[in-house]
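The next block holds one structure in the form of structure tokens; read it before the comments.
It should be emphasised that the depicted structure is a prediction, and the values quoted were computed from it without experimental measurement.
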Amino acid sequence: MSDPVCPLCARPIPPGSGSLHHLIPKLKGGKGGPTVFLHDICHREIHATLSEAKLARSFDTIAALRAHPRLARFINWVGKRPPGFRSKVPGKRRVR
């Protein structure tokens, strides 16, 4: 059986390296809503980049997330790393 593929960066997700992301944050009405399985590093970068409100309002699809300028740069960067690559989230956290 092959590893699942991260829909954000398109790399395989090795066992123990992934987590579920609610496309609409639970705090914004997404409890029980659609989820996607992402690399931990990809998931952390999404939440370091976008507020819960922005995620719910404008970034509730993988296509929208991939189109965000900071996330697009991150995807380009992380796509050159091996599937099991772990790191702190690069760059500064979003301004609250």
Side-chain angles (χ1 to χ4, degrees):
M1 186 169 138
S2 62
D3 293 334
V5 174
C6 177
L8 194 68
C9 71
R11 298 176 305 137
I13 303 172
S17 297
S19 59
L20 279 180
H21 170 67
H22 286 80
L23 289 170
I24 299 172
K26 291 186 283 186
L27 294 174
K28 297 294 181 180
K31 187 176 181 183
T35 60
V36 290
F37 193 63
L38 304 171
H39 280 110
D40 289 329
I41 191 172
C42 295
H43 194 185
R44 287 193 314 269
E45 182 65 17
I46 289 169
H47 288 284
T49 301
L50 297 161
S51 68
E52 303 275 306
K54 284 186 180 178
L55 283 168
R57 187 172 49 250
S58 304
F59 295 96
D60 59 351
T61 66
I62 291 296
L65 291 168
R66 291 177 62 92
H68 185 280
R70 176 175 158 160
L71 292 177
R73 286 191 305 275
F74 168 80
I75 292 164
N76 184 50
W77 174 82
V78 82
K80 298 172 186 164
R81 295 343 184 238
F85 177 76
R86 291 177 182 263
S87 172
K88 292 184 177 179
V89 174
K92 295 182 179 180
R93 290 191 58 86
R94 64 184 156 81
V95 178
R96 293 192 187 253

Q: Evaluate the side-chain contact (heavy atoms from CB on, under 4.5 Å) criterion for residues Ile75 and Leu65: first the C-alpha distance (whole Å), next the side-chain angles of each, then the deciding distance (0.1 Å), finally the verdict.
A: CA-CA 10 Å; Ile75 292 164; Leu65 291 168; over 6 Å; no

(Q) Against Thr49, only a single residue in His68, Arg44, Arg70 fulfils side-chain hydrogen bond (donor to acceptor under 3.5 Å, both in side chains); can you say which? (A) Arg70

Ignoring hydrogens and angles, write down the donor-acceptor pairs under 3.5 Å from the side chains of residues 54-64, residues two or more places apart or on other chains.
residue, atom, partner, partner atom, Å
Thr61, OG1, Ala64, N, 3.0

Q.
I'd like to check the ring-ring contact (aromatic ring centres under 6.0 Å, His included) partners of Phe37; sequence neighbours left out, ordered by chain and number.
A. none

Please table the atom pairs, donor to acceptor, closer than 3.5 Å between any side-chain atom in residues 4-18 and protein atoms at least two apart or in another chain.
residue, atom, partner, partner atom, Å
Arg11, NH1, Arg81, O, 3.3
Arg11, NH1, Pro82, O, 2.6
Arg11, NH2, His39, ND1, 3.4
Ser17, OG, Arg86, NH2, 3.3

Q. Can you name the side-chain hydrogen bond (donor to acceptor under 3.5 Å, both in side chains) partners of His43, sequence neighbours left out?
A. Ser19, His21, His47

I'd like a table of donor-acceptor pairs (distance under 3.5 Å, sequence neighbours excluded) in which one partner is a side-chain atom from residues 22-36, with atom names and distances.
none

(Q) Nearest 0.5 Å, please: how far is CD1 in Ile46 from CG in Leu38? (A) 5.0 Å

